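Counting starts at 1 for both ligands and their atoms, following the listed order. All values reported here derive from a predicted model rather than from experimental measurement.
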Amino acid sequence: MRKPVIAVDGFSSTGKSSISKIIAEKLGLVHMDTGALYRGVTYYALSCCMNDHGQINLKSLLSHFNEIHLDFRNINGCLELFLNGKNICTEIRAAEVSASVSLIAAQKEVRDFLLDTQRNMAQNGGVILDGRDIGTVVFPDADYKFFLTASIEERTNRRFKELESLGYTVSFDDVAENLQTRDRIDSEREVAPLKKAGDAIVIDNTFLTKEETIQLMLSYIKDI
Ligand code: DC
């Protein structure tokens, strides 16, 4: 029997990636963190396409697509992102990448460039993808679609604790502002904005633990 394609979209810091990873393990699916691809292109741009003012030169980036080869490889059961043969799974989490990725993800050419990579990986099913436009653009016919949300206070709290545990000293207000800015850019962009698919199941996990969220999502998934 063909395994399903599951789309998990939603706001930043709703736990999309970590939850999708656990669901993939439980159901024997492959997990694809599509935000990593946008981060990969951003990392490339920051390394190779800067102008004299220290800003990303978008024109240069768009002319370099044929030199950007991104692929996910299975490392001990986890899909890790490689850029031209180099594992960049740590580099793409750097603050400079987070600060520029929404700008890069808003470019139509970048989104078109990454569309095939996402579709090719999931063409045979058995995949759970998390992102912003999976249920609306990448896989509008996905077998299951979820849209995760939570209050801005709760999401800020989670992100703040995560950054603290990684050793970063940050202010609560800065974290809140950064999350809101990213959500605004992602939701307001013209191409494939962050938006709930009409047929997506909305999960507000403001008052749910990660495990409760996972159990709730699993309760909707049948016949696997
Ligand atoms: O999930 P994340 O924070 O790693 O995503 C990084 C950025 O990429 C974020 O600004 C949203 C964007 N993104 C997107 O536009 N479409 C996707 N399918 C996944 C991520």
Side-chain angles (χ1 to χ4, degrees), residues 5-21 23-24 30-46 56 58 61 68 70 72 78-81 83 88-122 127-140 142 145-150 152 155-156 158-160 162-163 166 168 170 175-197 200 205 210:
V5 171
I6 302 177
V8 181
D9 292 305
F11 291 99
S12 305
S13 292
T14 46
K16 292 184 303 294
S17 274
S18 58
I19 286 167
S20 299
K21 187 169 171 227
I23 291 181
V30 169
H31 166 228
M32 187 172 180
D33 164 11
T34 64
L37 293 169
Y38 292 92
R39 288 173 179 271
V41 173
T42 306
Y43 171 74
Y44 179 90
L46 290 168
I56 292 173
L58 285 174
L61 172 64
I68 304 178
L70 290 166
F72 283 102
C78 258
L79 287 190
E80 297 192 358
L81 188 66
L83 169 65
I88 55 165
C89 73
T90 303
E91 288 83 344
I92 58 173
R93 302 291 153 197
E96 304 83 70
V97 174
S98 297
S100 297
V101 66
S102 286
L103 166 78
I104 298 301
Q107 309 305 314
K108 181 182 183 316
E109 294 85 349
V110 172
R111 303 202 73 83
D112 289 346
F113 172 62
L114 293 177
L115 201 52
D116 284 349
T117 311
Q118 296 170 78
R119 287 189 176 154
N120 289 343
M121 279 212 48
V127 185
I128 179 164
L129 304 98
D130 78 88
R132 305 295 191 287
D133 62 338
I134 307 302
T136 50
V137 175
V138 184
F139 286 104
K145 297 181 188 179
F146 295 97
F147 190 86
L148 299 192
T149 183
I152 183 65
R155 293 189 291 124
T156 304
R158 291 175 193 166
R159 183 82 185 125
F160 183 74
E162 185 188 348
L163 288 169
L166 291 171
Y168 292 104
V170 284
V175 174
E177 195 185 316
N178 179 278
L179 278 182
Q180 282 169 310
T181 304
R182 280 218 280 153
D183 286 342
R184 184 175 44 72
I185 299 176
D186 292 337
S187 306
E188 291 179 359
R189 68 176 173 233
E190 275 180 33
V191 200
L194 164 63
K195 192 172 77 182
K196 183 189 96 60
N205 64 16
K210 190 176 284 185

Note the single closest protein heavy atom to [atom], along with its residue, its atom name and the distance in Å.
atom                    : value
atom 19 (C) of ligand 1 : T34 OG1, 3.4 Å
atom 11 (C) of ligand 1 : D186 OD2, 3.3 Å
atom 13 (N) of ligand 1 : R132 CG, 3.6 Å
atom 20 (C) of ligand 1 : G35 CA, 3.5 Å
atom 3 (O) of ligand 1  : R182 NH1, 2.9 Å
atom 10 (O) of ligand 1 : S102 OG, 2.9 Å

Does the N or O separation between [X] and ligand 1 drop below 3.5 Å for any pair?
X    : value
D33  : no
D133 : yes
Q118 : no
Y38  : no
D130 : no

- [ ] Taking ring pair (Phe, Tyr, Trp, His ring centres under 6.0 Å) as the test, write out the residues that go with Y38, two or more places apart.
- [x] none
TODO: Give, for atom CZ of R39 and atom CD1 of I104, the distance between the pair rounded to the nearest 0.5 Å.
DONE: 12.5 Å
Task: OG1 on T34 to CG on L81, rounded to 0.5 Å - done: 11.0 Å
Task: Contact partition for R189 relative to ligand 1, non-hydrogen atoms under 4.0 Å - done: side chain
Open item on the list: Tell me whether K16 reaches ligand 1 (any heavy atom closer than 4.0 angstrom to a ligand atom).
Closed with: no
Identify, by atom number and element, the atoms of ligand 1 in contact range of [X], meaning under 4.0 Å from any of its heavy atoms.
X    : result
G131 : 17 (C), 18 (N), 19 (C)
R111 : 14 (C), 15 (O), 16 (N), 17 (C)
R39  : 2 (P), 3 (O), 4 (O), 6 (C)
A105 : 12 (C), 15 (O)

TODO: Would you check if there is a donor-acceptor pair between the side chains of S98 and R93 at a distance under 3.5 Å?
DONE: no
Task: Minimum side-chain heavy-atom gap L148-D130 below 4.5 Å - done: no
TODO: May I ask you to check whether over 12 heavy atoms, not counting those of E109, lie within 6.0 Å of atom CD?
DONE: yes
